[in-house]
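Take a look at the structure set out below.
Quantities reported herein were computed from a predicted structural model and do not represent experimental measurements. Position 1 is the first residue of the sequence, and the numbers go up from there. Values below: all heavy atoms of this structure, side chains included; hydrogens, waters and symmetry mates excluded.
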Amino acid sequence: MRLWTGLGNPGAKYAMNRHNIGFMALDRIAEDHGFSPWKARFSALVAEGRLGGEKLLLLKPQTFMNLSGQAVGEAARYHKLTPADVTVFHDELDLAPGKCRLKQGGGHAGHNGLRSIIGHIGDDFARVRLGIGHPGRKELVAGYVLHDFAKADGDWLEDLMRGISEGAGALAQGEGAKFLNAVANRTAPARNSGTQGAAPGKAPGTATAVAQKAPQKTPQKTPDKTPLPSPESPPPPAPQTAEAADTRSTLQKLVDRFR
């Protein structure tokens, strides 16, 4: 058996906090892969199932973040698991939003949930580090992690959760590279999309996406041989039509239309 723990705080008040992204990951895995219903045990909520031929116990501590190790320790001792059998999904300030990394062992880097787990079972457990970004200043961290994700985060968060779920079988079999590839297949388009401020999760970049649609939106009087705009070259001058007074290029008109 393997024990996968998601970190977060219990209750509806905290459900969509950045600090609860570990809970969100386990909820998605349990839902997508037909795990048993959540039930109270080990000072936590637990669900059981199988992935990649491995038996898994998903665990969401209900002791609040700072005491997460209590639940993990109880479950590990009961099932006679070693730290190497434990994987913890947690929020990571030092990664950009939507990024995912794997790590085996190490310290807690100020994360109180990890600190508590280390105190109960030692530090030789695996971590799935889920990027939420950093607010910029240390004194803003507490309020930042205990605040809900913004609506603008919805696209990349969904991509991340989907990628984690799709790669969960590989992770259960110890194939970390395959797991990360599954996540990247969902999240890479979001990280590479357009310029800063573009809607997350929309691929490809803004200029390319608009250029692909340009032939359908070109005014009827545009000469047939007018070259299409591309991200590498400036758009052609606007055709001389009844709308000649509008000095915007076709590309700019389309950009404005989709704003």
Side-chain angles (χ1 to χ4, degrees), residues 4-9 14-29 32 60 65 68 87-115 117 123 125-168 170-171 175-209 231 259:
W4 286 5
T5 298
L7 296 188
N9 288 306
Y14 303 101
M16 289 305 298
N17 282 186
R18 294 182 176 92
H19 223 15
N20 274 44
I21 196 171
F23 276 13
M24 296 175 195
L26 292 200
D27 283 336
R28 185 59 175 265
I29 291 170
D32 288 355
K60 299 188 296 182
M65 183 68 77
S68 298
T87 299
V88 177
F89 294 72
H90 67 89
D91 56 301
E92 179 58 72
L93 288 164
D94 293 333
L95 289 177
K99 288 197 174 184
C100 177
R101 295 290 184 270
L102 289 178
K103 182 180 180 180
Q104 184 69 40
H108 54 72
H111 193 294
N112 288 332
L114 296 178
R115 188 198 308 269
I117 294 172
D123 63 5
F125 55 89
R127 302 102 187 276
V128 179
R129 305 163 63 215
L130 305 174
I132 61 170
H134 197 287
R137 301 203 307 272
K138 184 176 180 180
E139 64 270 22
L140 299 179
V141 166
Y144 178 76
V145 299
L146 292 176
H147 194 279
D148 286 359
F149 282 105
K151 288 184 179 180
D153 296 323
D155 285 340
W156 71 254
L157 186 59
E158 169 60 21
D159 287 339
L160 178 61
M161 294 297 107
R162 185 180 299 181
I164 289 171
S165 178
E166 291 174 351
L171 183 63
E175 299 182 82
K178 284 188 177 181
F179 168 72
L180 291 176
N181 283 339
V183 176
N185 284 340
R186 290 294 181 183
T187 61
R191 292 200 298 269
N192 294 335
S193 62
T195 57
Q196 185 175 7
K202 304 301 182 184
T206 301
T208 303
R259 281 179 177 170

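- Distance check: Lys151 NZ to Leu157 CG gives 15.0 Å after rounding to the nearest 0.5 Å.
- Leu146 and Asn17 get closest at one heavy-atom pair: O-OD1, 3.2 Å.
- To the nearest 0.5 Å, atoms CG (Leu26) and CG (Asn20) are separated by 11.0 Å.
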> Hey, mind stepping through Leu130 and Leu95 against side chain to side chain contact (heavy atoms under 4.5 Å, CB included) and telling me if it holds?
Replying inline: CA-CA 7 Å; Leu130 305 174; Leu95 289 177; over 6 Å; no
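- Residue Arg129 holds its CZ atom at 6.0 Å from NZ of Lys103, rounded to the nearest 0.5 Å.
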> Thr5 and Phe125: side chain to side chain contact (heavy atoms under 4.5 Å, CB included), yes or no, with the steps?
Replying inline: CA-CA 11 Å; Thr5 298; Phe125 55 89; over 6 Å; no
> Step by step, would you call Arg101 with Leu180 a side chain to side chain contact (heavy atoms under 4.5 Å, CB included)?
Replying inline: CA-CA 7 Å; Arg101 295 290 184 270; Leu180 291 176; 5.7 Å; no
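- Ile164 and Ala25 get closest at one heavy-atom pair: CD1-CB, 4.2 Å.
- Taking every heavy atom of both residues into account, Ile21 and Met161 meet most closely at CG1-CE, 3.9 Å.
- Sorted by first and then second residue, the salt bridge (Lys or Arg N to Asp or Glu O under 4.0 Å) pairs involving residues 176-185 (not counting sequence neighbours) are Glu175-Lys178.
- Ionic pairing of Lys60 and Asp27 is present here: one or more N-O contacts between side-chain nitrogen and carboxylate oxygen are shorter than 4.0 angstrom.
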>> As a quick check of understanding, evaluate side chain to side chain contact (heavy atoms under 4.5 Å, CB included) for Tyr14 and Met65, giving each step before the final call.
In response: CA-CA 11 Å; Tyr14 303 101; Met65 183 68 77; over 6 Å; no
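- Atom CD of Glu92 and atom NE2 of His134 lie 9.5 Å apart (nearest 0.5 Å).
- Closest of all the heavy-atom pairs between Phe89 and Leu171 is CZ-CD2, 3.8 Å.
- In terms of modelled atom types and a separation under 3.5 Å, the side chain of Tyr144 and the main chain of Ile132 share a donor-acceptor contact.
- Just one of Asp91, Val145, Val88, Ile117 meets the side chain to side chain contact (heavy atoms under 4.5 Å, CB included) condition when paired with His111; it is Asp91.
- We find the CD-CZ distance between Gln104 and Arg127 to be 8.0 Å, quoted to the nearest 0.5 Å.
- Here Lys99 contributes atom NZ and Asp94 contributes atom CG; the two are 12.0 Å apart, rounded to the nearest 0.5 Å.
- The minimum heavy-atom distance linking Gly98 with Thr187 is given by the pair O-CG2, 3.8 Å.
- In terms of modelled atom types and a separation under 3.5 Å, the side chain of Arg137 and the main chain of Pro135 share no donor-acceptor contact.
- You'll find the side chain of Pro97 stays beyond 4.5 Å of the side chain of Phe149, heavy atoms only.
- Taking 4.0 Å as the cut-off between side-chain N and carboxylate O, Glu166 and Arg186 count as a salt-bridged pair.
- Residue Asp32 comes nearest to Ser165 through the heavy atom pair OD2-OG, 2.7 Å, listed as atom of the first residue, atom of the second, then distance.
- In this model, no donor atom of one side chain and acceptor atom of the other lie less than 3.5 Å apart for His108 and Asp123.
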